J.: 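Starting off with a structure, shown below.
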Amino acid sequence: MPHSTLSPAIAQTAPTIQNTTAPAPPAALSLEERMAFINAAMTVRLDEAKVAYEVNTAHIDTEPVDLADVVTGPVDTEPRLLPDLYPTPVAALLQRAHHRLLTGGWCKDVLVDEDGAACMLGAIRAEARGDRGLESNAVTVLMDAIRRRFGDDVDSVPGFNDAWDGGRVPIRMVDQAADLADARGL
């Protein structure tokens, strides 16, 4: 039988072949795990930025803020009257009522609710300030604007107002009535 002719030094340095398998690919991370890693990385970055900010601004002298000097509310609390955009009284009244609905809020089923929000008629009445003739003319123009858009089935301003769950359409109709009154010269 033939005998191996390799020298002992070569036999010792020859690589041995092992049967190994490739490592398994890493498992996919869940959303929570990825978010935890991102949170940790962001925390490290923010801490580094905080230290850099403190180092970069350490030489700047600052005076402490006296909180009594800080204004925390509006300085001018007097109500400002909205300038009338329309030169005619009915159009100006409807414009003011529209502004009241936008700023004070809209409501239904009452003229003015406990929070101060008004319905269409309540806003007109408040802005008419007791002038029943002006109020009546504004309501007439408003009814004309409503009927132009929604047909003759609408029987009254309060009925139209209360038919809506939100104030977007009623408020828009008061604005359109102001345009209509201006076009009519009222």
Side-chain angles (χ1 to χ4, degrees), residues 31-32 35-36 38-39 42-43 45-46 49-50 53 57 60 62-186:
L31 177 62
E32 290 80 16
M35 293 301 290
I38 290 172
N39 185 21
M42 290 304 297
T43 301
R45 291 176 76 183
L46 288 171
K50 179 181 174 187
Y53 175 79
T57 60
I60 300 173
T62 58
E63 295 179 22
V65 175
D66 183 10
L67 294 180
D69 293 338
V70 178
V71 177
T72 59
V75 175
D76 183 13
T77 58
E78 294 296 319
R80 296 181 186 258
L81 294 177
L82 180 69
D84 291 335
L85 298 178
Y86 298 107
T88 57
V90 174
L93 168 64
L94 287 165
Q95 181 229 343
R96 289 191 310 269
H98 176 253
H99 181 73
R100 178 180 287 265
L101 291 170
L102 287 175
T103 58
W106 172 87
C107 69
K108 64 188 260 180
D109 300 323
V110 293
L111 287 176
V112 178
D113 69 5
E114 63 274 355
D115 296 328
C119 72
M120 298 165 78
L121 182 59
I124 291 171
R125 186 164 289 167
E127 292 300 327
R129 296 179 180 92
D131 187 343
R132 295 291 185 187
L134 186 60
E135 177 185 332
S136 175
N137 290 337
V139 170
T140 300
V141 172
L142 179 56
M143 276 303 299
D144 289 347
I146 291 170
R147 286 184 175 146
R148 281 182 171 197
R149 174 95 162 103
F150 295 97
D152 292 332
D153 296 337
V154 179
D155 60 343
S156 68
V157 170
F160 177 81
N161 183 83
D162 295 346
W164 298 93
D165 289 330
R168 188 175 60 88
V169 172
I171 292 171
R172 187 174 65 226
M173 289 311 303
V174 174
D175 186 43
Q176 290 178 6
D179 290 338
L180 180 60
D182 183 53
R184 291 181 179 175
L186 299 174

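In this text, all values refer to a predicted model and were calculated from it rather than measured experimentally. For the single chain, residues carry numbers from 1 onward in sequence order.
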J.: Has the side chain of Thr57 got a donor or acceptor atom that lies under 3.5 Å from a matching backbone atom of Ile60?
T.: no
J.: Taking salt bridge (charged side-chain N to carboxylate O under 4.0 Å, His left out) as the test, write out the residues that go with Arg132, two or more places apart.
T.: Glu135
J.: Output the distance between atom NE2 (His99) and atom OG1 (Thr103), rounded to the nearest 0.5 Å.
T.: 4.0 Å
J.: At what distance, to the nearest 0.5 angstrom, does CG of Leu93 lie from CG of Leu134?
T.: 4.5 Å
J.: Does a sphere of radius 6.0 Å around CZ in Arg172 hold more than 12 heavy atoms from other residues, nucleotides or ligands, not counting ones at 6.0 Å or beyond?
T.: yes
J.: Where do Ala117 and Cys107 come nearest, in terms of heavy atoms and distance?
T.: O-SG, 3.4 Å
J.: Considering non-hydrogen atoms only, spot the tightest contact between Ala118 and Leu101 and give its length.
T.: O-CD2, 3.1 Å
J.: To the closest 0.5 Å, what do you measure between CG (Asn137) and OG1 (Thr88)?
T.: 11.0 Å
J.: Among Asp113, Asp165, Asp162, which residue meets the salt bridge (Lys or Arg N to Asp or Glu O under 4.0 Å) test with Lys108?
T.: Asp165
J.: For Arg147 and Val154, indicate whether the former's side chain and the latter's backbone hold a donor-acceptor pair under 3.5 Å.
T.: yes
J.: Donor-acceptor pairs under 3.5 Å, side chain of residues 179-186 to any protein atom, not counting sequence neighbours: which ones?
T.:
unit_1, atom_1, unit_2, atom_2, d
Asp179, OD1, Tyr86, OH, 2.3
Arg184, NH1, Asp144, OD2, 2.8
Arg184, NH2, Asp144, OD2, 3.4

J.: Just grab all the ring-ring contact (aromatic ring centres under 6.0 Å, His included) pairs involving residues 156-186, residues at least two apart or on different chains.
T.: Phe150-Phe160, Phe150-Trp164, Phe160-Trp164
J.: Under the side chain to side chain contact (heavy atoms under 4.5 Å, CB included) rule, what do Met143 and Arg148 come out as? Steps first, then yes or no, please.
T.: CA-CA 8 Å; Met143 276 303 299; Arg148 281 182 171 197; over 6 Å; no
J.: Out of curiosity, His98 NE2 to Arg100 CZ, how far, rounded to the nearest 0.5 Å?
T.: 13.5 Å
J.: About how many Å separate CG of Leu102 and CG of Asp175, when rounded to the nearest 0.5 Å?
T.: 8.0 Å
J.: Could you measure the distance from the CG atom of Leu94 to the CD atom of Gln176? Nearest 0.5 Å is fine.
T.: 12.0 Å
J.: Between the side chain of Asn161 and the main-chain N/O of Met120, is any donor-acceptor distance below 3.5 Å?
T.: yes
J.: Just by distance, do the side chain of Arg125 and the backbone of Ala123 share a donor-acceptor pair under 3.5 Å?
T.: no
